[in-house]
Colleague: 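Got a structure for you, written out below as C-alpha cells; questions coming shortly.
Positions are given from 1, in the same order as the sequence printed here.
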Amino acid sequence: MKITLNRINDDFLFECSNEQGNSILLDNTTLPGAKGVSPMQSLLMAVAGCSGIDVVSILKKQRQTITDFKAEVEGERVQVDEAKPFKSITVKFFLEGEIDPKKAKKAAELSFEKYCSVSKTLEPNVEISYEVSVNGIIVE
C-alpha cells in the first residue's frame, strides 16, 4: 500500500492519492478558508469507512436489506507533550431497512473486535466504542 502526498498551494493544502489515483484533500483547518479536512478528521473518517464497509458487508452476506446507512464519529483528544492524540473515539451507526437489530449489533461487534484494521491499529492507545441504531431504535 502506498500513498502520495503533494502540496498544492503555498500554505498547507495537500492532495493525498492512492495507487489507483483516488484522492482527498488535507489542510490546516484551524485557518480560515481551509479546502480540505484535517489529518485528525481524516483519521475519524477512516474509522467510519473501515467499520462501515465491514458492517455493510456482513449484513449483505446475511441478506439484510439496507436502505440507508450513516455513521457519526466523535473523537476526544488529550494533550500529550506538544501533540493532541485521540483518547477515545465513539462511532454511532444509523441503519434503515429490513434489518434484524441483533444482526446489526453483531456486525458492528465483529467489525471492531475482529475486522476493522483502522480501529485495530488505534486500539492499543485509543478506547473505541460504538452504538447501533436500526430504524430509529438503539439496539441494546
Side-chain angles (χ1 to χ4, degrees):
M1 183 180 302
K2 181 180 177 182
I3 298 295
T4 304
L5 179 139
N6 289 305
R7 186 175 178 210
I8 58 175
N9 72 4
D10 289 338
D11 286 318
F12 307 102
L13 184 61
F14 298 97
E15 180 180 39
C16 296
S17 302
N18 66 6
E19 294 165 307
Q20 292 81 26
N22 301 311
S23 64
I24 64 167
L25 296 178
L26 296 178
D27 206 345
N28 181 346
T29 58
T30 64
L31 299 176
K35 301 212 183 313
V37 298
S38 77
M40 293 301 278
Q41 290 168 335
S42 73
L43 189 58
L44 294 180
M45 290 176 178
V47 170
C50 184
S51 59
I53 288 168
D54 291 340
V55 170
V56 169
S57 176
I58 292 165
L59 291 175
K60 283 180 75 132
K61 287 177 185 169
Q62 296 175 338
R63 293 190 168 91
Q64 302 297 294
T65 304
I66 304 166
T67 58
D68 193 34
F69 181 96
K70 292 181 179 135
E72 291 178 0
V73 184
E74 290 186 46
E76 181 183 346
R77 297 171 73 179
V78 62
Q79 193 76 42
V80 176
D81 297 322
E82 298 301 314
K84 284 182 70 178
F86 286 114
K87 173 184 171 185
S88 64
I89 294 174
T90 303
V91 182
K92 294 181 181 179
F93 295 112
F94 302 92
L95 293 92
E96 300 284 334
E98 293 179 38
I99 304 162
D100 180 332
K102 289 180 184 173
K103 288 182 178 183
K105 180 81 170 192
K106 183 65 175 177
E109 178 184 314
L110 285 169
S111 174
F112 289 108
E113 293 182 8
K114 188 173 184 180
Y115 297 118
C116 179
S117 298
V118 176
S119 63
K120 286 299 205 185
T121 299
L122 300 172
E123 192 175 74
N125 299 309
V126 182
E127 178 187 325
I128 299 177
S129 60
Y130 61 90
E131 178 180 288
V132 178
S133 173
V134 176
N135 297 320
I137 299 169
I138 296 173
V139 183
E140 298 296 330

Colleague: Test your reading of the model: is there a side-chain donor-acceptor pair from D27 to the backbone of K35, 3.5 Å cut-off?
Modeller: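 Answer holds: yes.
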Colleague: For A104 and I99, work out which heavy atoms get closest and say how close.
Modeller: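 Answer, listing the atom of A104 first, then I99: CB-CG2, 3.9 Å.
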Colleague: Taking the side chain as everything from C-beta on, heavy atoms only, tell me whether E96 gets closer than 4.5 Å to F69.
Modeller: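 A side-chain contact under 4.5 Å is absent here.
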Colleague: Answer whether the closest heavy-atom distance between the side chains of L95 and L59 falls below 4.5 Å.
Modeller: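 In contact.
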Colleague: Output the distance between atom CD (E72) and atom CZ (F94), rounded to the nearest 0.5 Å.
Modeller: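 Here the interatomic distance stands at 4.0 Å.
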Colleague: For K102, what residues pass the side-chain contact (heavy atoms from CB on, under 4.5 Å) criterion, not counting sequence neighbours?
Modeller: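 Residues passing side-chain contact (heavy atoms from CB on, under 4.5 Å) with K102: D100.
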Colleague: Verify the cluster assignment for V118 and V73: are they in a single hydrophobic cluster under the rule of side-chain heavy atoms below 4.5 Å apart?
Modeller: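 Yes; V73 is reachable from V118 via cluster members.
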Colleague: So, Q79 side chain and D81 main chain: donor-acceptor pair closer than 3.5 Å or not?
Modeller: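 Judged by distance alone, yes, a pair lies under 3.5 Å.
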Colleague: Roughly how far, to the nearest 0.5 Å, is NZ of K92 from OH of Y130?
Modeller: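 Y130 atom OH to K92 atom NZ measures 15.0 Å (nearest 0.5 Å).
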Colleague: With rounding to the nearest 0.5 Å, note down the distance linking OG in S117 to CD1 in I53.
Modeller: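 S117 atom OG to I53 atom CD1 measures 10.5 Å (nearest 0.5 Å).
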Colleague: Restricting to side-chain contact (heavy atoms from CB on, under 4.5 Å), what partner residues turn up for E123, sequence neighbours left out?
Modeller: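 Expected list: K120.
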Colleague: Report the residues that fulfil side-chain contact (heavy atoms from CB on, under 4.5 Å) with I128, sequence neighbours left out, ordered by chain and then residue number.
Modeller: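 Per chain and number, I128 pairs via side-chain contact (heavy atoms from CB on, under 4.5 Å) with I89, F112, S119, L122, V126.
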Colleague: Which distance, rounded to the nearest 0.5 Å, do you find between the NZ of K114 and the CD1 of I58?
Modeller: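 So the gap between those two atoms works out to 9.0 Å.
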Colleague: Walk me through whether V47 and V91 qualify under side chain to side chain contact (heavy atoms under 4.5 Å, CB included).
Modeller: CA-CA 8 Å; V47 170; V91 182; 3.8 Å; yes
Colleague: What distance separates I3 CD1 from N18 CG, expressed to the nearest 0.5 Å?
Modeller: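 One finds 5.5 Å between CD1 of I3 and CG of N18.
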Colleague: Counting only N and O atoms by type, is there a donor-acceptor contact under 3.5 Å from the side chain of R77 to the main-chain atoms of K84?
Modeller: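 It does hold such a pair.
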Colleague: Take F86 and M40 through the test side chain to side chain contact (heavy atoms under 4.5 Å, CB included) and record every step on the way to the result.
Modeller: CA-CA 9 Å; F86 286 114; M40 293 301 278; 3.2 Å; yes
Colleague: Got a sec, which pairs hit side chain to side chain donor-acceptor pair (under 3.5 Å) with one end in residues 3-16, sequence neighbours left out?
Modeller: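 Qualifying pairs, neighbours excluded: E15-S23.
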Colleague: For the residue pair I66 and D68, establish whether any side-chain heavy-atom pair is separated by less than 4.5 Å.
Modeller: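 They are not in side-chain contact.
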Colleague: How about E74: does its CD atom have over 12 heavy atoms from other parts shown lying under 6.0 Å from it?
Modeller: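 It does not: E74 CD has 12 such atoms or fewer within range.
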Colleague: Contact between I8 and F14 at the side-chain level, heavy atoms closer than 4.5 Å - yes or no?
Modeller: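 Of all side-chain heavy-atom pairs linking F14 with I8, none is under 4.5 Å.
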Colleague: Only pairs at least two apart or in different chains count here, so list each side chain to side chain donor-acceptor pair (under 3.5 Å) that has a residue in residues 51-65.
Modeller: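 For residues 51-65, and leaving out neighbouring residues, the side chain to side chain donor-acceptor pair (under 3.5 Å) pairs sorted by first residue read D54-S111.
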Colleague: Taking T30's backbone N and O only, do any of them form a donor-acceptor pair with N28's side chain (distance below 3.5 Å, no angle check)?
Modeller: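 Yes, because the side chain of N28 sits within donor-acceptor range (under 3.5 Å) of the backbone of T30.
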Colleague: Measuring from C16:SG to I24:CD1, what's the distance to the nearest 0.5 Å?
Modeller: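 Here the interatomic distance stands at 5.5 Å.
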Colleague: Look at atom CD of Q20 and say whether more than 12 heavy atoms of other residues, nucleotides or ligands are closer to it than 6.0 Å.
Modeller: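 Counting neighbours around CD of Q20, more than 12 heavy atoms of other residues, nucleotides or ligands fall under 6.0 Å, so yes.
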Colleague: Name each donor-acceptor pair under 3.5 Å that joins a side chain in residues 131-140 to protein atoms two or more places apart or in another chain, with its distance.
Modeller:
| from | atom 1 | to | atom 2 | distance (Å) |
| --- | --- | --- | --- | --- |
| N135 | OD1 | G97 | N | 2.9 |
| N135 | ND2 | G97 | O | 2.9 |

Colleague: Do L13 and V37 share a hydrophobic cluster, counting only Ile, Leu, Val, Met, Phe, Trp and Tyr and linking them when any side-chain heavy atoms are less than 4.5 Å apart?
Modeller: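 Different clusters.
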